[in-house]
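Basis for what follows: all heavy atoms, side chains included, without hydrogens, waters or symmetry-related copies. Note that this is a predicted model, so its numbers are computed, not measured.
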Amino acid sequence: VLLDAADAIGTTSNRISTDVGTLAARVTGGATAGDIFVSQVDGTRDALTIGAVTAVNTGATSLNGITTANGNDSTVSTAAGTLTVVQDVAANGGGFVDLRAGGAASDIALNGATVSAGSGTLQLIAGRSITTNTTTDATVELSTSGGVLLDAADAIGTTSNRISTDVGTLAARVTGAATAGDIFVSQVDGTRDALTVGSVTAVNSGATSLNGITTANGNDITVTTVAGTLTVVQNVAANGGGFVDLRAGGGTSDIAING
């Protein structure tokens with residue numbers, strides 16, 4: 001499905017409901033209400049891929065991924081299926097990105113693509129896990145000068161496929177009973193370098209604002225920077241026998257536990 005509009009695609013209460021394989025979309029105009037709202041239903045396909053769609057007939061433009069203009073937002077959700085991102089999702093300026101995969105067996109899979117905003121919040125909520133198929137730091141999965149909120153039942157990244165970020169502030173949690181429900185995040189040597197573990201306010205309804213990083217069921221937390229200071233201003237708590245591994249890479253990088 002290719003959706004191309006000047007001002008808006010759906011609204012928060014009247015989302016474009018889909019039962020499709022692949023989605024690509026953009027809004028290009030100057031309207032301040034020019035957001036994107038798409039909801040994949042619990043139907044025939046369930047899962048949804050954000051990817052490339054080739055235009056048909058003359059006068060149309062093929063699209064890759066999802067983009068907005070004029071500081072507007074992108075919200076894409078599935079009711080009961082995995083949301084796979086293979087082309088970039090980019091909210092312009094202070095616009096936010098809200099990606100959600102509903103259902104206990106549903107992941108958000110960031111596979112070779114970047115979810116980004118200029119300064120807006122990136123919010124990813126998965127019924128099971130937030131994953132990537134690229135090795136650690138091979139692709140920057142998340143990029144914004146603002147905050148990133150990661151909320152999953154089972155896991156966020158793995159030891160060899162960490163969620164690579166270039167962001168300002170991180171808050172994350174895993175809440176489920178999976179024994180593999182660990183958190184692995186790596187801040188790349190990129191635009192920002194330094195990373196703060198802090199508070200991130202949720203966007204849209206049905207999401208929970210998060211402070212710091214927490215796990216459940218004895219699972220672990222691993223957060224690293226490649227070349228910047230790691231500042232902790234909200235609690236980092238591994239449940240039960242889970243461990244916490246914080247590392248700040250680079251000869252001038254500190255771990256600052258501030259308050």
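- By the 4.0 Å N-to-carboxylate-O rule, Arg128 lies too far from Asp154 to be salt-bridged with it.
- Listed here is the closest heavy atom pair of Gly94 and Ser119: CA-OG, 3.5 Å.
- At a threshold of 4.5 Å between non-hydrogen side-chain atoms, the residues Val233 and Thr169 do not count as touching.
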Give the C-alpha distance, both sets of side-chain angles, the deciding distance and a yes or no for side chain to side chain donor-acceptor pair (under 3.5 Å) between Ser186 and Asp137. CA-CA 7 Å; Ser186 172; Asp137 298 345; 3.0 Å; yes

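- Leu3 CG to Ile9 CD1: the interatomic distance, rounded to the nearest 0.5 Å, is 5.0 Å.
- Val140 and Val185 fall into different hydrophobic clusters, where Ile, Leu, Val, Met, Phe, Trp and Tyr residues are linked whenever their side-chain heavy atoms come under 4.5 Å apart, directly or through other members.
- Interatomic distance, OG1 of Thr131 versus CG of Asn111, reported as 6.0 Å (0.5 Å rounding).
- Looking at heavy atoms from C-beta onward, Val20 lies in side-chain contact with Gln40 at the 4.5 angstrom threshold.
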Given side-chain contact (heavy atoms from CB on, under 4.5 Å), test Thr222 with Asp182 step by step and report yes or no. CA-CA 8 Å; Thr222 300; Asp182 303 316; over 6 Å; no

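- Of all heavy-atom pairs spanning Asp98 and Gln123, the tightest one is OD1-NE2, 3.0 Å.
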N/O donor-acceptor pairs under 3.5 Å from side chains in residues 57-69, not counting sequence neighbours:
residue	atom	partner	partner atom	Å
Ser62	OG	Ala55	N	2.9
Thr68	OG1	Asn72	O	2.8
Thr68	OG1	Asn92	N	2.9

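- Cluster partners of Phe96 are Val203, counting Ile, Leu, Val, Met, Phe, Trp and Tyr whose side-chain heavy atoms approach within less than 4.5 Å, directly or via other members.
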